[in-house]
There are 2 protein chains.
Amino acid sequence: MEWSCKCHGCEHQMCTNRVPIFSSLSHEEMDAIQSLIIQRTYNKGEVIIKANEPMHAIFILNEGVVKINKRFQDKEQILYLLTENEFFGETNLFAQTNSNMNVIALTKTVLCTISKADFEKLVYKYPSIGLKMLEEITHRLIKTQQLIENTGFKPIDDRIVEMLKEFAPKYGKSAEKGTLIELPLNREELANYLGLTRETISRKLAKMDKEGLIKIIGHKKILLYHSS
Amino acid sequence: MEWSCKCHGCEHQMCTNRVPIFSSLSHEEMDAIQSLIIQRTYNKGEVIIKANEPMHAIFILNEGVVKINKRFQDKEQILYLLTENEFFGETNLFAQTNSNMNVIALTKTVLCTISKADFEKLVYKYPSIGLKMLEEITHRLIKTQQLIENTGFKPIDDRIVEMLKEFAPKYGKSAEKGTLIELPLNREELANYLGLTRETISRKLAKMDKEGLIKIIGHKKILLYHSS
DNA sequence: CGGGCACTTGATAGTAATCAAGTCCGGTGG
DNA sequence: CCACCGGACTTGATTACTATCAAGTGCCCG
């Protein structure tokens, strides 16, 4: 069954139909939620949210890629990379009122937003949304715990491979000998995602290229061989 | 107003009355919940939960201290240290069925448990419990994100001081020149909490003692001076 | 009070950060 | 379409730390 999109200016499938948070709702209920949604577009490089600034909405990514980071003394730590159908702002819905992170558009980005107040009303009206939200936040918690595990346990080389494997399904295309990944981050950002420096990532990638694990193609692509 | 405890063998205030998850409920409702609670006692050093084993309950710490860790190739990473009135098992309520961590009693520990099935029923009956749970899980998520921030940004010395400051209110007693902390962890565990080695922690603490930031008292106590 | 185990201390090596030049990609303009 | 320019990337040399390996020391418990 096809449903038209009531979300203003939206050329895609309904936002609400694409995210797991609302998956348990009927189409009629989703239609009702559509009216609460405000859509906004950001350009590549634009700052969507600044740390320590008030934030009173939940954001669903309709299109594009964003990075979520923290900064401290000219150092950057990238925590998450989110893309279509993922959401952010969850920590501000139920706990804090100010963002504790920055959100930056890495590409042209289209966001659907629902205000905190509206979302809370929804949770009361449809308790199943609250349970779905619990699931989603729990998954993010588990993912964040795994992040700690990785930085604590795994050697750097392994972590780079894991990062590339994480990118593969999202930013890669299947090629003859492996997956051709269109990197969403530059070298410095790759480093900041793993807690390293630009130079170290550069050297490690060069080494892995020499060893035949990957093939570096220009500055923006990496071929990840099947065997890796 | 005083309430007697119906939780079998409990010499304390009602478990349910002490944790924020149930704080919005009336005393009558709490009484009802009491009947769902099973209490169990663990000895120092006992393994409460093993990673990869099924886990179908939420656990509230009534008494004692537990560490929650992950292991990989004889390495240990301690993620959380929980004490009275805190809870664990939340990731298994709404997402996974097997624990992804170990839980070990560091002291004699008394736990109140509510089965996953019972807890889910409670959430449906009292939606406010679900919202409280969202808050609590969100707080744990925020704390976990800060953990990453710390390991990524802060120099080791600062992280040690922060750890001691985190211990101070829970395991410390106010003394003349500062806070006397009864360490809940041995040196190796302190190291595993910060992602370092036994020797490094030992050296750093010795240095900080020499610098007058702290005073090491035997193996189990540290005096954290006010100025730190 | 004595023994064992946790802790400390020392020496060395390995690894990534830092500092410093070069090189090359990729976008722009002719 | 090609040449050029600038910024991103690479590579090299050195330094700084922490892990590792190894040997004492001393606290704490029985």
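Lettering of chains follows the sequences in order, A, B, ..., and the numbering in each one begins at 1.
- Following rounding to the nearest Å, A:Met208 (CE) and D:dT10 (P) show an atom-to-atom distance of 13 Å.
- By the 4.5 Å heavy-atom criterion applied to side chains, A:Leu81 and A:Leu185 are counted as neighbours.
- The CG-P distance, from B:Leu194 to D:dA19, rounds to 11 Å in whole Å.
- What you find for B:Val65 and B:Thr109 is that their closest heavy atoms are O-OG1, 3.7 Å.
- Distance B:Ile160 CD1 to D:dC17 C1': 13 Å, rounded to the nearest Å.
- Two residues are said to be in side-chain contact when any heavy atoms from C-beta on lie closer than 4.5 Å; B:Phe87 and B:Met133 meet this criterion.
- Under the 3.5 Å distance criterion, with hydrogens and angles disregarded, a donor-acceptor pair is assigned to the side chains of B:Tyr80 and B:Thr144.
- Within residues 64-78 of chain A, no residue is approached by DNA chain D to less than 4.0 Å at the level of any non-hydrogen atom.
- Between A:Leu190 atom CG and D:dT10 atom C1' the separation is 14 Å, expressed in whole Å.
- Shown here is B:Glu176, whose CD atom has no more than 12 heavy atoms of other residues, nucleotides or ligands within 6.0 Å.
- Between A:Leu106 and A:Lys44 the shortest heavy-atom distance is O-CG, 3.4 Å.
- Under 4.0 Å is where a charged nitrogen must lie from a carboxylate oxygen, and between B:Glu166 and B:Arg159 no such pair does.
- For B:Lys204, a side-chain nitrogen or oxygen approaches OP1 or OP2 of D:dT18 to under 4.0 Å.
- Close to D:dT18, at under 4.0 Å from its OP1 or OP2, lies no side-chain N or O of B:Thr200.
- Atoms CD1 (B:Ile156) and P (D:dA16) sit 16 Å apart, rounded to a whole Å.
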Contacts under 3.5 Å, N or O only, protein and nucleotides 23-25 of chain D:
none

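- Taking for each of A:Ile217 and A:Thr197 the nucleotide of DNA chain C with the nearest heavy atom, the 5'-most of the two is the partner of A:Thr197.
- Shown here for B:Asn98 and B:Asn52, the closest heavy-atom pair between the two residues is ND2-O, 3.0 Å.
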Pick out the pairs of N or O atoms, protein on one side and nucleotides 3-8 of chain C on the other, that lie under 3.5 Å.
from	atom 1	to	atom 2	distance (Å)
C:dC7	OP1	B:Arg187	N	3.2
C:dC7	OP2	B:Arg187	N	3.3
C:dT8	OP1	B:Arg187	NH2	3.2
C:dT8	OP2	B:Arg187	NE	3.0
C:dT8	OP2	B:Ser202	OG	2.4
C:dT8	O5'	B:Ser202	OG	3.0

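- Side-chain atoms of A:Tyr193 and A:Glu188 include no donor-acceptor pair closer than 3.5 Å.
- Across all strands, B:Lys221 comes closer than 4.0 Å to no nucleic acid atom at all (heavy-atom distances).
- Straight-line distance from the NZ atom of A:Lys207 to the P atom of D:dT10: 15 Å, rounded to whole Å.
- A salt bridge does not link A:Glu135 to A:Arg140: none of the charged side-chain nitrogens sits closer than 4.0 Å to a carboxylate oxygen.
- Salt-bridge formation is not detected for the pair B:Lys215/B:Asp209: no Lys NZ or Arg NE/NH1/NH2 atom is positioned less than 4.0 Å from an Asp or Glu carboxylate oxygen.
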